[in-house]
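What follows is one structure encoded as structure tokens, with my remarks underneath.
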Amino acid sequence: MKNVLLLLIFLLLGCSKERQKISDCTKIILPFRTYQEAKNTVESVEFKYSDEADTSKSSWIRGAQFYSCDGNSGYMIFQTDSKEYIHQGIPVHIWEQFKDAESFGKYYNKNIKHNYRVVPQNYE
């Protein structure tokens with residue numbers, strides 16, 4: 001019985017998501033230690049503003065979400081066929097322009113890529 005209990009505890013701890021255990025976005029600790037910590041933290045915190053873009057018209061961007069603590073700037077998460085990216089410090093007006101862009105990819109390449117910090121991917 002003791003071994004089963006220890007195994008259960010080990011499995012529960014081993015399967016838990018790596019994230020900062022907070023609910024208030026003002027307490028997010030930067031920089032994130034890992035990409036997975038960033039993703040899980042951003043997706044679990046209560047933000048003042050969050051939004052999602054309809055990327056169905058894009059040929060390579062499969063999803064895009066935005067989260068902001070203060071309603072002025074925040075985190076943009078977007079997915080491609082092969083990768084997911086998190087950018088920090090994206091102003092809300094850049095997010096709104098991205099959502100309204102005729103081409104998400106062209107807008108991203110011109111206005112976001114190399115202009116805003118990317119949380120590094122973790123290739124474990």
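Arg117 places no side-chain N or O within donor-acceptor distance of the main-chain N or O of His114, the cut-off being under 3.5 Å. Of the possible donor and acceptor atoms, one in the side chain of Tyr35 sits under 3.5 Å from a partner among the backbone N and O of Glu84.
Checking Phe47, Trp95, Tyr116 one by one against Phe66, the ring pair (Phe, Tyr, Trp, His ring centres under 6.0 Å) holds for a single residue, Trp95.
Within 6.0 Å of atom NZ in Lys106, 12 or fewer heavy atoms from other residues, nucleotides or ligands are found, so the atom counts as exposed in its surroundings.
Of all heavy-atom pairs between Ser68 and Ser73, the closest is OG-O, 2.7 Å. In plain terms, the two heavy atoms of Ala53 and Lys99 that are nearest each other are CB-CG, 3.8 Å.
Put simply, NZ on Lys110 and CD1 on Ile112 are 12.5 Å apart, with the number rounded to the nearest 0.5 Å. We find the OH-CD distance between Tyr67 and Glu52 to be 7.0 Å, quoted to the nearest 0.5 Å. Between Cys69 atom SG and Glu46 atom CD the span is 11.0 Å, to the nearest 0.5 Å. Considering CG of Asn115 and CG of Asn109, their distance stands at 10.5 Å, rounded to 0.5 Å.
With contacts defined as side-chain heavy-atom distances shorter than 4.5 Å, the pair Thr55/Gln79 does not qualify. Contact annotation: the side chain of Thr41 never approaches that of Tyr75 to less than 4.5 Å [non-hydrogen atoms, C-beta and beyond]. Between Tyr107 and Asp100, every side-chain heavy-atom pair lies at or beyond the 4.5 Å cut-off. Gln97 has its side chain out of reach of Asn111: every pair of non-hydrogen atoms, C-beta onward, lies at least 4.5 Å apart. A 4.5 Å side-chain heavy-atom check between Ile94 and Met76 finds every atom pair outside the cut-off.
Aromatic ring centroids of Phe104 and Phe78 lie 6.0 Å or more apart. For an aromatic pair to be called close, the ring centres must be under 6.0 Å apart, and Tyr108 with His87 satisfies this.
Taking the charged nitrogens against the carboxylate oxygens, Lys48 and Asp70 have no contact shorter than 4.0 Å, which rules out a salt bridge.
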(message) Could you walk me through whether Gln65 and Val42 satisfy the side chain to side chain contact (heavy atoms under 4.5 Å, CB included) test, starting with their C-alpha distance in whole Å, then the side-chain angles of each, then the deciding distance to 0.1 Å, before giving a yes or no?
(response) CA-CA 10 Å; Gln65 302 81 35; Val42 169; over 6 Å; no
